[in-house]
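The next block holds one structure in the form of structure tokens; read it before the comments.
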Amino acid sequence: MGLFNSIKTLFGNSDASPQKTHQDIEYKGFTITPSPIAEKGQYRVAGYIRKTIDGELQEHHFIRSDVCPSEQQALELTISKSQLFIDQMGERLFHS
């Protein structure tokens, strides 16, 4: 039963609050929407990166393992990690 509970906690954490989205940030033609997840008194780095390419909206949703003690810190880290990911991957981040 312990293994099952560990897997359930990892993939279906019932203590996690629903995401609320924050103000969009424009960066190099991409739109970053930070959406930290409140979880056990901390905030998990998460969000969306979007860009319209050839008339079609592309979206990349991410949830990181990083957690922060405050929502503001999670917002800042989400934005900086998103910008780094855009710098490294560009439009390739929409291809699997």
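Excluded from the calculations below are hydrogen atoms, water molecules and symmetry mates; all remaining heavy atoms, backbone and side chain alike, are included.
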Exercise. When rounded to the nearest 0.5 angstrom, what is the spacing between NE2 in His95 and NE2 in His60?
Worked result: 12.5 Å

Problem set entry | Nearest-0.5 Å distance, CG of residue Asp66 to CD of residue Gln73 | 12.0 Å

For this session: Carefully, step by step, assess Phe62 and Thr78 under the rule side chain to side chain contact (heavy atoms under 4.5 Å, CB included).
Result: CA-CA 10 Å; Phe62 61 93; Thr78 297; 3.8 Å; yes

Exercise. Just by modelled atom types, is the Arg64 backbone N or O under 3.5 Å from a matching donor or acceptor in the Arg44 side chain?
Worked result: yes

Exercise. Do Val45 and Ile49 share a hydrophobic cluster, counting only Ile, Leu, Val, Met, Phe, Trp and Tyr and linking them when any side-chain heavy atoms are less than 4.5 Å apart?
Worked result: yes

Exercise. Could you give the distance from OG1 (Thr31) to CD (Glu59), rounded to the nearest 0.5 Å?
Worked result: 10.5 Å

For this session: Assign the ring pair Phe94 / Phe30 to parallel, tilted or perpendicular, where the plane angle (0 to 90°) is split at 30° and 60°.
Result: parallel

Problem set entry | Same apolar cluster (I L V M F W Y, side chains within < 4.5 Å links), Phe85/Leu75 | no

For this session: For the pair Lys51 and Leu93, evaluate side chain to side chain contact (heavy atoms under 4.5 Å, CB included) and give the outcome as yes or no after the intermediate values.
Result: CA-CA 10 Å; Lys51 184 174 185 177; Leu93 67 94; over 6 Å; no

For this session: Please report the shortest heavy-atom distance between Pro34 and Pro36, naming the atom on each side.
Result: C-CD, 3.6 Å

For this session: Start with the C-alpha distance between His22 and Glu71, add both sets of side-chain angles, then the distance that settles side chain to side chain contact (heavy atoms under 4.5 Å, CB included), and finish with yes or no.
Result: CA-CA 11 Å; His22 296 273; Glu71 184 176 26; 2.9 Å; yes

Seminar exercise, completed: When rounded to the nearest 0.5 Å, the distance separating OG1 of Thr33 from CD1 of Ile79 is 10.0 Å

